[in-house]
Amino acid sequence: MEAIEKIKEIAVQAVSGAKIDIVNSTPAAQQPALLVDREHIYGVGKFLKEDPRFQMDFCSCVTAVDYLPKADKPGSIEVVYHLYSVAQKHGPLVLKVRAPREIDQCRVPSLTPLWRGCEFQEREAYDLYGVKFDGHPDLRRILMWDEFTDYPMRKDYVPPADYEWEPTPHDDTLDRAISEGGIMPPTAREELEKEKAKKK
Amino acid sequence: MIQPLTEEKGYTLTPGSEGLIETQTLEVSIGPQHPSTHGVFRMDCTLDGETVIALKPVMGYLHRNHEQLAERMVWLGSMPYTDRLDYFNSMTNNWAYALAVEKLTGIKVPERADYIRVIMSELTRLLNHTCVIGFMLQDLGAWGTPLLYAFRERERILDLFEAVSGSRMMCNYMRFGGVRVNMTEDDLAVAKDIVTRYPRFLDEFEKLLTSNEVLLMRTQRVGILPKELAINASITGPMARASGVEYDVRKVDNYGVYGRFDFRIPVGDVGDVYDRYYIRVLEMRESIKILQQALRDIPQGPYIAPEVKLRNFKIPPGDGYGRIEAPKGELGFYLVADETGKQPYRYHVRPPSFVNLTTLEDMCLGLKVADVVIILGSIDIVLGEVDR
Amino acid sequence: MRSWFANAPDSILLWVSIAVPILFIVSVFPGIFAYTTLVERKALGRIQNRLGPNRVGRWGILQPIADGLKLLTKEDIVPRRADAFVHFLAPVLAVIPSVLLFAVVPIGLGLVPVDLNIGILFAFAISTASVLALFMGGWASRNKFSLLGAMRAVAQVVSYEVPMVLSAVAVVMAVGSLSTLAIAKAQSGGFLNVTRWFVFRPWGLVGFVLFTIGAMAESARTPFDIPEAESEIIAGYHTEYSGFKFALFQLGEYLASIAMAGITVTMFLGGYNGPGSGPGIFGGLISMFWFFLKLACMIVLNIWIRGTWPRVRVDQLMGFAWKLLLPMAIVNIIGVGFWHYITIRPLAWVVTTLWLVIWFMVLTKLAATENVAPRTYRYAS
Amino acid sequence: MGFIGKGLLEGMVVTARNFVGSYFDKERMVTVQYPEERVQVPENSRTFPFLVFDDDKNPVDTMRCVACKICEVECPPQCIYIVMDRDEKGKPQQRPKVFDIDISVCMQCQICVEVCPFDAIKMDNDYEKSQYGRFNELVEHLPDLLKSNEYYNKIKPREASGVDAKLKADKEKKAKKAAPAASKPAAAPAPKPASATARITIPDDAPFTPEQREWLGKFLVTATPAAGAAAPAGEASAAQLAAPATGEAPAGNWPWHDPGMGIQQRLELAKNKPLADLLMAAMAQTDCHACGYDCRGYADAIAAGSEADLSLCLPGEAETENMLKKLMEGAGK
C-alpha cells in the first residue's frame, strides 16, 4: 500500500473538495490517519472501498474518542474507522472524522451503507458518545437501556448515585474518599450522606 | 445495507383472511433467560407458525462499561479486566491487549515469551473450539454428551493454565513485553502430553458427530452466510472462513512468531452451520500442528523484556490499534494515550462476537425456531465480550 | 386354599380378580418408572463419563424417593393469567391413559389384566388420548413456549400414530387376532421358544423398527423430543409446571414409553416367550422374567439413543413420518401378504426380503429431498 | 456414504465405548468427589492475598508490611484499605494499624503481590472462603490476613525459598552499608536476561559492585538448589519490573534515614544540609519505591526539578507532602 501522503493526494484528487489532513499515531505504532471533513467522509470511504488500488472492503473497527476542549483548541468527538483490505491483505488505513461535542450538532454521516460491519459499532458509538450517524438504518441504543438519557463514555459524564446502594464494609473507605475529596462523584456523596443520616 | 425483513429470502406470510385459515404472527422473545442464548442475550422473534419472519438481537444485559473502567486505571490495571471480556479465552484477550500496548510503545518481546504466548493462545483455541462444538450440539439437543466430552478435554488444558499462570480461567498471564511467569520444563511436558493426546480425542469426537445423519440434516444448508456479505459485515474468524473468506490475522499480520510456523487456513464454500462446525474441527487440527512446532523449538532465554517497568508505566501520546486472531475472530484494542501517558485516554475493545452478531437476522430469516438456536450457537458468542 | 377359592361366591372372586391386577399395575409400574429415572441418570452419566447420582444412599439407590419428596414439597406455581382449572386437569389426564395402557400388556404366560379381544386397538386409542392432556397443559399455561410445544406435540403424536398402527396391522394380519395374548401365544414354540418371534421374520424386523421409531416419537423421546425441546422452547408444554404436577407429567410420559415398550415386546419380541417359559407356576415365573428382561432391554435402548443422538427438526420429523415410515409400513403389509400366501418358506423368505429391501431403497431415495453428506474442504493459498 | 443410519450407529458405538470405558479407564473419569477427595492445587495457584510475618512469637512486630500503600494504590478493584500505625506522639510505626482486604471485591489478580517491594503480601491458595454473610464476613482484617513465613514456605516452597534468599541478601546489603564498596555509585546495570534462567534476581536497586553481584548470584544459586528454571518467577519479574530506571543513588550514611523517627526529628538532623537532604529527610524513609524512586532518588529528582509532583510519597501521607511544599517554597522554587 502506498505511503499515507500518496493516499491523501489520490483521495483529494478523486473526491473533489475533500479536506484531508494527516494525523500521526504514536511514533512506534506507525498508523497515521486521514482526518476527513464531515461532508466528504462518505465519498472518501466510498472511493477507498471501490478503487482497485485500495479495495478497502473490510471495516474492522469503528469507535469514537471524546476530546475535551483545551485552552488552545475546542473540544470535539472523533469517530475512527480502521479499514483493511481482505482482497489485497493490506491495511490498516485509518479514517478519522470530527464533530463538535454539543449533543445537537454532534452528527457525522454513517458509513453503514458502505460497510455493513459498521452497523452495530456505530450504534455503540451513538449509545456511549451521542454521535448521530446520518443515514444509519436503525440508530438505537444498543448497550444501555432505551430509557437511558445520558452518554456514559463522554469524559464529562458524571455517573449518578447508585440507587441500589446498600451498606457495605467499605463504607469507611468511602468516607475516607469523601473526606479526602477522592473518587466519588458529588451526587453519590450526597446519596451516601443521606444513607448515613438514615442509618443514625 | 439492511434488507427489509421478508423480501430477502422471498418469504411471504401464509395467506391471511383471503386464505383458508385466519393466521397471525406470534411475537416470541427468546431470552434473556433461555437455555440456549449462551448467557443473557435476547432475540425478539416474530414467528409465523414455527417460521422466523423477523428477528432483532437485543444485548447489553451484561454491560459494565469495561472501557470506562479501563480509562480510570493505569495501563496495567485493566489487564486482569480483559480476562473477563471473553471469559473462555482469557489468554488471547491478554495477548491482544499486551500486543496493542507493545505496538504503541515499540517494546520488543523476547523470543521465548512469544513462543509461550503462541503455545497458550493455541491451547486456548483448542479448548474454545471444542467447547463451542459441544455447546452447538447441546443446542441441537444431544443430551450433553458431546459437551461433556469437550469439557473433559478442556479440563486438562485448564489444569495446565492453573499450573502456569495460577488461575484456571482468569489467567491474567501476559504482561507488556512478555509473560508474567516462566514456563517450566514440566509445564512444557504437560503441554506436549496434551498435544499428543488431542488428535485421538478429535477422532473420537468426529466419529460421534461428523457423519451423523441427524446432525447433517440439521446443519447443512442452514443459516447460509454468503461470502460478500461476510466481508462487508466485518465477520471474522471461523465464521468468515466457513463462508469462504480467506483471511486469518495470524497469516496477514504475522504477529508474534506465527511467521515461523507451517500451518494452513481451512476454508469452507457453503457457509452454513455445518461448515462452521467442520472448519473449527480443521482449525483445531492446524492448531495442533502449530503447537507441535512451537513446543519443539521453543528457545531458552528471558520471558519478559527487562526494561519494562511494572509501575509508573508510561506511553507516549498518540493512538494505535493492535489486533490478533482470537478463537472467535479478530480481537482488537484501540488505545489512545494523552500527554501524561499514565492512563489510557481512550481504550476501545473490538470484540469479535459482538460484530459477528451483525448478520444474525440475515441468516435466520425464513427458517425455523430450532434453526435460530443452532445458528446462534454456530456464531459462537460470549456475552461478557458482546456487552463488555 | 384353592378349594376355598372354588367355594367362594363369584362376587368376591370378581372383585379379587379386579383388585389384584389393579394393585399390581399401580404398585409395580410406578416403581419401575422411579427406578427407570435413576437408571437413566446413571447410564447417561456413565455415557458422558460422569458418575451420576451417588449421594442418596449407596449408588444413589434412594435418589428416586428423594426426588419424589422434593417434588411433593415444592411450591405449586400457577401463572396468574393461566386457566387454573385446565392447568390443574392436564397432568392428571396425562397419567390416566398411560396407566390404562398396561391393562392389555401380557406380562407373563396368561398374565394379562384384561384379555381384550381388541387389545391392540384399545392400546392405540388410549395412547393417543394422552396428547389431549399435553395440549390442555400447553394451552392453559398461557405461555408462548408452552403453546408452541403443545402444537408440536399434537402434530407429532397424530402423524406418528399412522405408521405405528399400520406396522402393527402387519402383525395382526399374520396372527389373525387383535388380542395381545393371542399375539404373544402365536410367537411361542419353535427352537427354545425363540425362533418364532416375529422380529426374526423379514416383515417382522421392518415392523419392529417402524414400531419402535413410532413408539419413541409417540412418547416424545430423543431424537423426537421436540415437544419439550429444552434448547428451543424451554420445556415445551410443561414450561409452567412445577412440583408434583410436573412429576405427574413425567410419570405419564415414562409410563407411556414403558407401556409402549411392553407392547413392542409383545408384538415383535415374542412377548413373554423365552427358553423355559411354559405352563405351571415355574414356567409362568420364567415367562415373567423373560418379559421384564426384554422390557429392560427396550428401555436401555431408549436411554442409549437418548445419550447419543441430536434432535431432529419439526418439518424433518413430519417428513420422516409421512415420506418414509408411512409408505414403508404399507409396503410391509403387502410383504406380510406374500409371506402369508407363499407356503414354501424359503421362497417366502426370498420374495418378502427382496420386496422390502427394494422398496426401502426406493423410498429412501425419494424421501431424501436434499442430499446431505460430509464434505471435503480446501485450504487458503 | 454407506447405508442410511451408518453415522448414527457409529455414534452409538462411541457412546457405548465411553460407557464401558468410564468403569475401567481413569483417563475418562475426571470427576473428583469433592468433600471426600481434593485435587492437589499447583504451587502457582492463587486465591486471595495474605500478609507474611517472620516470627511466630509476635506476628505484629515481625510482619514485613510497612504500610507503604503501594498495593492500595495499584489494586485494580480498590479492595485494599490501609491505615498506618502511629504511636501517641503521631510517629509512624512502619506497620499498618488497619489492613483490610474485601475478598468480595478482590479479583485475585496478584498485582498487589507483584508491586510489593517488601515481599510482604503473597497469594494464598486456600479456596474454601465461603461465608454465611455478605458484608462484614467477607472482609479480612489484619489478624485474619497475617500468616507465618512457615505457612508460606509450606504452600509455595519454590517461590518462598527464592524470596527468603532475596531477603537474606538484602539484609547482608544492609550490613555492608557502611562498606566503602557501597559508597561508589552502583551503576546498576539492567538485570541480564540471564536473570530469568539464573535462579533469583538481585534487585538492581541493591547497590552492589559487579563482583559482589556475581558472588551473590553464585551464593543464591547454591542456596536454593531446588529452584527450577522458573524458581520465583512471579517474584523475579516483579522485582525486575519494580526496578526504577532512573533516580538511583548511592546509599551514603544519612543519620535521618531511619523510618522510626518522627519527621521533625529527621529534619533536625538534616538541618543546614543541602536542599536535597532536607527534602529526603521529609520523606518517610521506607525506600518503598511508591514514588518510583527510593527516598534519596526522589529527593534528588525534586531538587533537580526533574520531578514536579510532590504528592508521590505514599507512606509519608499528607505531612510529608506539606513539608515538601514548604521546603520548596523556602527554596524559592
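FYI, side chains are in, hydrogens and waters are out, and symmetry mates aren't considered; it's all heavy atoms of this structure. This one's a predicted model, so the numbers in the text were calculated from it and none came from an experiment. Letters A, B, ... are given to chains in the order of the sequence lines, protein chains preceding strands, and every chain is numbered from 1.
Between B:E206 and B:Y278, the side chains place a donor N or O and an acceptor N or O closer than 3.5 Å (distance only, hydrogens not considered). A donor-acceptor contact closer than 3.5 angstrom is absent between the side chains of D:R46 and D:N125. Side-chain atoms of D:E159 and D:Y152 form a donor-acceptor pair, as typed in the model, at a separation below 3.5 Å.
Contacts with chain D were tallied for B:E155, B:E204, B:R168; B:E204 has the most, counting heavy-atom pairs under 4.5 Å. No other option in B:S78, B:G178, B:C171 has as many heavy-atom pairs under 4.5 Å with chain D as B:C171. Taking D:V14, D:N18, D:V13 one by one and counting their heavy-atom pairs under 4.5 Å with chain B, the maximum is reached by D:N18. Of the listed residues (D:M29, D:E74, D:M12), the greatest number of heavy-atom pairs within a distance under 4.5 Å of chain B belongs to D:E74.
Taking a cutoff of 4.0 Å between a charged side-chain nitrogen and a carboxylate oxygen, B:D203 and B:K207 do not qualify as a salt bridge. The pair D:K6-B:E213 does not meet the salt-bridge criterion, since no charged nitrogen lies less than 4.0 angstrom from a carboxylate oxygen.
The aromatic ring centroids of B:Y173 and B:F161 lie 6.0 Å or more from each other. The aromatic ring centroids of B:F201 and B:Y149 lie 6.0 Å or more from each other. Between B:Y347 and B:Y97, the ring center distance clears the sub-6.0 Å criterion.
Using a 4.5 Å cut-off between heavy atoms, B:M73 contacts chain D through its side chain alone, with no backbone atom that close. Looking at D:P42, the atoms closer than 4.5 Å to chain B (heavy atoms on both sides) all sit in the side chain, from C-beta outward. Heavy-atom distances place no part of B:L215 under 4.5 Å from chain D, backbone and side chain included. Contact annotation for D:Q108: neither backbone nor side-chain heavy atoms come within less than 4.5 Å of a heavy atom of chain B. For a residue to count as touching a neighbouring chain, one of its non-hydrogen atoms must lie under 4.5 Å from one of that chain's; by this rule B:R197 touches chain D with the side chain only. Heavy-atom distances place the side chain of B:V74, and not its backbone, under 4.5 Å from chain D. Heavy-atom distances place both the backbone and the side chain of D:T15 under 4.5 Å from chain B. Contacts of B:R156 with chain D are made by side-chain atoms alone, with heavy-atom separations under 4.5 Å and no backbone atom involved. If you measure heavy-atom distances from D:L8 to chain B, the contacts under 4.5 Å come from both the backbone and the side chain. Residue contact with chain B, scored on non-hydrogen atoms closer than 4.5 Å, involves the side chain of D:R17 exclusively. Within the 4.5 angstrom heavy-atom criterion, atoms from both the backbone and the side chain of B:S167 approach chain D.
The cationic atom of B:R112 (NZ for Lys, CZ for Arg) does not lie both less than 6.0 Å from the six-membered ring centre of B:Y115 and within 45° of the ring axis.
Checked options B:L123, B:T124, B:D83, B:I119; the residue passing with B:M91 is B:T124 (criterion: side chain to side chain contact (heavy atoms under 4.5 Å, CB included)).
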